Number of protein chains: 2
Amino acid sequence: MARDLQERIKKLIIDQRLPSGSPLPTEPELMERLGVSRNSVREALKALQAMGIVEIRHGFGTYVGPMSMAPMIEGLTFRTVAGHYRGEDSLLQLLELREAVEAGLIARLAGSIPAADLADLDALVDRMDAEAAGPAGAVRAETDRAFHAALYRCLGNRLLSEVMEAFWDAFHKVRTDLVDVPQDPKVTCRQHREILDAVRSSDVLRAERAIREHFGNIRTRLNAPASTALPHPSYDR
Amino acid sequence: MARDLQERIKKLIIDQRLPSGSPLPTEPELMERLGVSRNSVREALKALQAMGIVEIRHGFGTYVGPMSMAPMIEGLTFRTVAGHYRGEDSLLQLLELREAVEAGLIARLAGSIPAADLADLDALVDRMDAEAAGPAGAVRAETDRAFHAALYRCLGNRLLSEVMEAFWDAFHKVRTDLVDVPQDPKVTCRQHREILDAVRSSDVLRAERAIREHFGNIRTRLNAPASTALPHPSYDR
DNA sequence: CTAGCTCAGTTGGTTAGAGCAGCTGACTCT
DNA sequence: AGAGTCAGCTGCTCTAACCAACTGAGCTAG
């Protein structure tokens with residue numbers, strides 16, 4: 001029945017064509033319309049919130065959610081962390097997934113990427129160089145993220161962008177929490193520039209090779225420290 | 001605080017290295033251990049259930065979930081349906097995502113796929129032929145699904161397989177519910193066989209081309225019927 | 001007249017207690 | 001010894017009350 005409740009609320013959203021951000025009926029209203037107690041309504045809403053379908057703002061109301069991939073990040077992160085602690089190579093599996101998506105996309109990019117995006121990417125690689133040479137001696141994670149996001153922006157596929165960012169986020173979270181990955185910022189910069197140059201020159205094969213090399217590099221570094229499995233590394237996410 | 005509760009339960013699972021299927025404390029036990037009311041415990045568990053992290057069995061107990069991608073399917077399906085009804089090309093975006101993943105994977109497959117898997121794939125394509133020539137005159141969806149699942153089985157990446165099946169499921173659900181896609185079973189069979197042959201002959205480029213052609217075919221059929229947007233096609237999922 | 005504060009009303013958040021419903025396992029009757 | 005039954009666990013739903021966050025109208029002070 002709880003299951004059914006969720007479906008009925010979803011149906012409400014779909015049937016009324018409610019866009020993201022639209023206000024949903026208040027809890028008492030839903031109680032009456034669905035003929036169940038407040039408790040059940042709340043449990044259904046909680047579940048829908050966990051799936052990103054609704055957004056609940058305390059003292060304000062309930063709204064149709066942004067339909068982002070945020071809940072997927074959380075689920076994926078948890079799954080990967082749990083798998084890692086149980087000795088599975090879940091982090092590597094996540095990396096392979098990222099590699100597959102990006103390698104499959106890069107072909108569509110080469111040659112059709114707008115000049116404006118290329119300029120943005122140039123700026124990002126320049127920033128990587130600066131960060132590598134700077135006091136930290138490492139490329140900031142945010143810069144790496146921005147590069148990969150900017151790369152596929154021109155495809156005009158919101159779902160694609162969000163899924164890739166979700167994968168990136170989950171990977172990043174788990175990596176920083178669980179394993180101490182050595183960085184060679186010079187190599188990182190070089191590989192990103194190679195990807196960019198390949199895309200710019202419309203060379204599909206070279207672009208795909210560059211992407212795979214980049215991920216191969218991450219993979220190598222991942223295996224290097226033998227997956228530091230701390231005895232009880234308090235999980236705090 | 002509800003947020004915090006979920007985190008504490010997740011931390012419980014992680015810290016104790018509980019594998020999928022392990023029993024979790026009962027609701028009264030969680031009440032006491034976490035110092036909150038039963039209602040709050042239940043809402044947290046509902047949210048975790050929606051993310052696939054726990055599994056609740058009425059009259060039996062609460063268990064660590066299978067960590068499958070099932071919740072993602074649901075979220076993705078809903079997102080796609082909602083987007084479609086609002087006039088977005090969300091179904092096409094989902095298809096592009098599938099294409100990207102499969103195109104990015106096929107290269108790793110060509111040449112390294114075991115003979116046993118090839119035999120399974122042969123059998124599946126044969127079944128497709130039989131179904132196409134049979135009374136229904138169309139390839140069963142389950143057969144198509146099985147083909148794509150079997151193709152990447154040998155990569156030994158559970159996450160990958162599940163994500164791809166999740167994408168397939170979401171796509172299939174939305175397509176069958178929303179748009180009336182014309183099928184040419186002969187073409188479907190031919191394209192699957194071409195993919196299989198390309199993989200068997202270790203021809204990376206040909207395999208990738210075959211995959212892209214297959215998805216291109218689906219894409220064409222998707223656009224053909226001008227996305228039948230019914231006025232109020234009662235949503236029942 | 002306006003800027004800021006205050007307070008009432010609305011909305012979601014939490015607690016408590018009671019009874020319902022599904023499953024298991026031991027006990028009993030045949 | 002086997003099948004039926006019942007007590008006990010488990011999660012599920014409901015009711016009712018109060019807490020906490022936010023909004024907006026109205027008031028007060030500048």
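This one's a predicted model, so the numbers in the text were calculated from it and none came from an experiment. Note that these values count all heavy atoms, side chains included, but never hydrogens, waters or copies made by symmetry. Letters A, B, ... are given to chains in the order of the sequence lines, protein chains preceding strands, and every chain is numbered from 1.
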Worksheet item: Considering residues at least two apart in sequence or located in another chain, which fulfil the ring-ring contact (aromatic ring centres under 6.0 Å, His included) criterion with A:F147?
Response: A:H192
Could you list all N or O pairs between the protein and nucleotides 14-16 of chain D that sit under 3.5 Å apart?
residue, atom, partner, partner atom, Å
D:dC14, OP2, A:S37, N, 3.1
D:dC14, OP2, A:S37, OG, 3.1
D:dC14, OP2, A:S40, OG, 2.5
D:dC14, N4, A:N39, ND2, 3.1
D:dT15, O4, A:N39, ND2, 3.4

Worksheet, complete the sentence: The side-chain contact (heavy atoms from CB on, under 4.5 Å) partners of A:R98 (sequence neighbours excluded) come to A:L95, A:E102, A:H148, A:F167, A:W168, A:F171, A:F215
Worksheet item: Does C:dG12 have OP1 or OP2 sitting under 4.0 Å from an N or O in the side chain of A:T62?
Response: yes
Item to complete: Provide the full list of ring pair (Phe, Tyr, Trp, His ring centres under 6.0 Å) pairs with a residue in residues 28-60 of chain A, sequence neighbours left out, each pair given once.
Response: A:F60-A:Y63
Worksheet entry | side-chain hydrogen bond (donor to acceptor under 3.5 Å, both in side chains): pairs with one or both residues in residues 153-165 of chain A, sequence neighbours excluded | A:D117-A:R153, A:D120-A:R153, A:R145-A:E165, A:N157-B:E96, A:R158-A:E162, A:E162-B:R79
Worksheet entry | Rounded to 10 degrees, the angle between the two terminal axes of the helix from C:dC1-D:dG30 to C:dT30-D:dA1, each from five pairs | 10°
Worksheet item: Of A:F60 and B:E29, whose closest DNA chain D nucleotide lies nearer the 5' terminus?
Response: B:E29
Response to the item:
Sorted by chain and residue number, the side-chain contact (heavy atoms from CB on, under 4.5 Å) partners of A:I56 (sequence neighbours excluded) come out as A:L45, A:Q49, A:V54, A:T62
Worksheet, complete the sentence: In terms of heavy-atom contacts, B:L18 and B:L12 come closest through CD1-O, 4.5 Å
Practice prompt. Please identify each residue that fulfils side-chain contact (heavy atoms from CB on, under 4.5 Å) with B:E131, with sequence neighbours left out.
Written response: B:R127, B:V139, B:R140, B:T143
Item to complete: Could I get the full list of side-chain contact (heavy atoms from CB on, under 4.5 Å) partners for B:S90, not counting sequence neighbours?
Response: B:T80, B:H84
Practice prompt. For DNA chain D, find the residues of residues 42-52 of chain B with a heavy-atom distance under 4.0 Å and give them by number; none if there aren't any.
Written response: B:R42
Worksheet item: Got a sec, which residues hit side-chain hydrogen bond (donor to acceptor under 3.5 Å, both in side chains) with B:E29, two or more places apart in sequence or on another chain?
Response: none
Worksheet item: Residues two or more places apart in sequence or in another chain: which of them pass side-chain hydrogen bond (donor to acceptor under 3.5 Å, both in side chains) with A:E32?
Response: none
